[in-house]
J.: 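Next up is a structure, given as structure tokens.
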2 protein chains.
Amino acid sequence: MTKAKASSTLSQNKGIAETTCPITYVMNKIGGHWKCIILYYLISGPKRYSELKRSIPAITEKMLAEHLKQLKEDNLITKKVEQIMPPITIYSLTPSGEELGPVLMAMADWAIKDSEHFQNLRMQG
Amino acid sequence: MTKAKASSTLSQNKGIAETTCPITYVMNKIGGHWKCIILYYLISGPKRYSELKRSIPAITEKMLAEHLKQLKEDNLITKKVEQIMPPITIYSLTPSGEELGPVLMAMADWAIKDSEHFQNLRMQG
DNA sequence: CGGCATCCTAGCCGATACTG
DNA sequence: CAGTATCGGCTAGGATGCCG
């Protein structure tokens, strides 16, 4: 993993674009399909692993665990483990993650408006 | 394209989740890595195909054309073609697309703040 | 309960060539 | 200028099973 492939320009371009385009920077952090959803469910407060899984039925264990790890590495969430048996793991938003909250809420808001548009269009059509 | 594959549960889940989770709805529309970037550049006003291409050096023709088509199908942008030779194509935001503007600006805003956080951390480290 | 390792497929995406 | 079509590699992501 120390050496990037030469045939792929995307990963390299992504790195370059990240320093010049703020949207690219954001997409590299929360661009994955599930990242935003996970963060969205964490806005309402810290959650344990199983709660997140129940909140997002469409996600697989692999995706959840993987994206949680990435979000942690990107300093958007923190992980707190109770070393008992069975273990309890709590995920919370970091300050950076908290600041993303309004953005996600704005996205959700837009979604609701936009789907209303569609329903209106359907009624007219 | 009329029949979905049976082996993949994701596309089906996406469809189901889309009706219950607003963030999923948004991600299905602008989740692609380039969609947000294209929309972001269209906020400042209508642009022609070649202008977009120049604005986003990292994107390939295929991705640009493909995502422009999807954005049009999702009613986020409109396409206006001057049927002359050589042709001129202008892409603009629809009202729905315009309403996404503030969200994208908020994302960009967060990105700038967040990258400052990192630089501060590095200085302390 | 929480999460990682393996295997495998679907779809994203780059490169190239062709059309109006 | 503004696309479309085809080929092919890479990787995201689903299914399953094992471990602390």
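Below, chains carry the letters A, B, ... as their sequence lines are ordered, and counting in each starts from 1. Predicted, not measured: the structure shown is a model, and the values here were computed from it. Atom set for the values below is all heavy atoms of this structure, side chains included, hydrogens, waters and symmetry mates excluded.
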J.: Can you check the B/Y49 OH to C/dT19 P distance for me, whole Å?
T.: 17 Å

J.: Compare the minimum distances between each of D/dG20, C/dG20, D/dT4 and the side chain of B/K69, then state the nucleotide with the smallest one.
T.: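 Of D/dG20, C/dG20, D/dT4, D/dT4 is nearest to the side chain of B/K69.
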
J.: OP1, OP2 of C/dG2 versus side-chain N and O of A/R48: anything below 4.0 Å?
T.: yes

J.: Please report the distance, rounded to the nearest Å, between NZ in B/K62 and C1' in D/dG8.
T.: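 From B/K62 NZ to D/dG8 C1': 10 Å.
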
J.: Between C1' on C/dG14 and CD1 on B/I59, what's the gap in Å once rounded to a whole number?
T.: 12 Å

J.: How about A/S96 and B/D114: does a side-chain donor come under 3.5 Å of a side-chain acceptor?
T.: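 Yes, because at least one side-chain N or O of A/S96 sits under 3.5 Å from a partner of the opposite role on B/D114.
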
J.: Under a 3.5 Å threshold, yes or no: a donor from one side chain and an acceptor from the other, between B/K47 and B/S50?
T.: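 B/K47 vs B/S50: no donor-acceptor pair found between side chains.
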
J.: How many whole angstroms separate atom NE2 of A/H33 from atom C1' of D/dT11?
T.: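 Between C1' of D/dT11 and NE2 of A/H33: 15 Å.
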
J.: Of the nucleotides D/dG14, D/dG20, C/dC4, which has the atom closest to the A/M85 side chain?
T.: D/dG20

J.: Does C/dC12 have OP1 or OP2 under 4.0 Å away from a side-chain N or O of B/H67?
T.: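 False: B/H67 side-chain N/O out of range (4.0 Å or more) of C/dC12 OP1/OP2.
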
J.: Within this structure, what is the CD1-to-C1' distance between B/I90 and D/dA2, rounded to whole angstrom?
T.: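 Taking CD1 of B/I90 and C1' of D/dA2, I get 12 Å after rounding.
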
J.: Among D/dG13, D/dA2, C/dC4, which nucleotide has an atom closest to any side-chain atom of A/A65?
T.: C/dC4

J.: Can you find a side chain N or O atom of B/T60 that sits less than 4.0 Å from OP1 or OP2 on C/dG14?
T.: yes

J.: Specify the separation, in whole Å, of atom NZ of B/K47 and atom P of D/dG3.
T.: 16 Å

J.: Give one of base, sugar-phosphate or nothing for A/E66, where a contact means two heavy atoms less than 4.0 Å apart.
T.: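 Since no nucleic acid heavy atom lies under 4.0 Å of A/E66, the category is nothing.
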
J.: With nearest nucleotide decided by heavy atoms, which residue, B/P86 or A/K79, maps closer to the 5′ end of DNA chain C?
T.: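 Nearer the 5' end of the strand: A/K79.
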
J.: Starting from C1' on C/dG3, measure out to CD on A/Q70 and report it in whole angstrom.
T.: 15 Å

J.: Distance check, rounded to the nearest 0.5 Å: B/I38 atom CD1 versus B/H67 atom NE2?
T.: 6.5 Å

J.: State, to 0.1 Å, how close B/L42 and B/Y91 come at their nearest heavy-atom pair, and which atoms those are.
T.: CD2-O, 3.4 Å

J.: When rounded to the nearest 0.5 angstrom, what distance separates OH in A/Y41 from CD in A/E51?
T.: 12.5 Å

J.: Does B/S50 make a side-chain N or O approach to OP1 or OP2 of D/dA2 shorter than 4.0 Å?
T.: yes

J.: Within the structure, does a side-chain N or O atom of B/T89 lie under 4.0 Å from either OP1 or OP2 of D/dG3?
T.: yes

J.: Grab the CH2-C1' distance between B/W34 and C/dG14 for me, whole Å please.
T.: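 Rounded to whole Å, this separation is 11 Å.
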
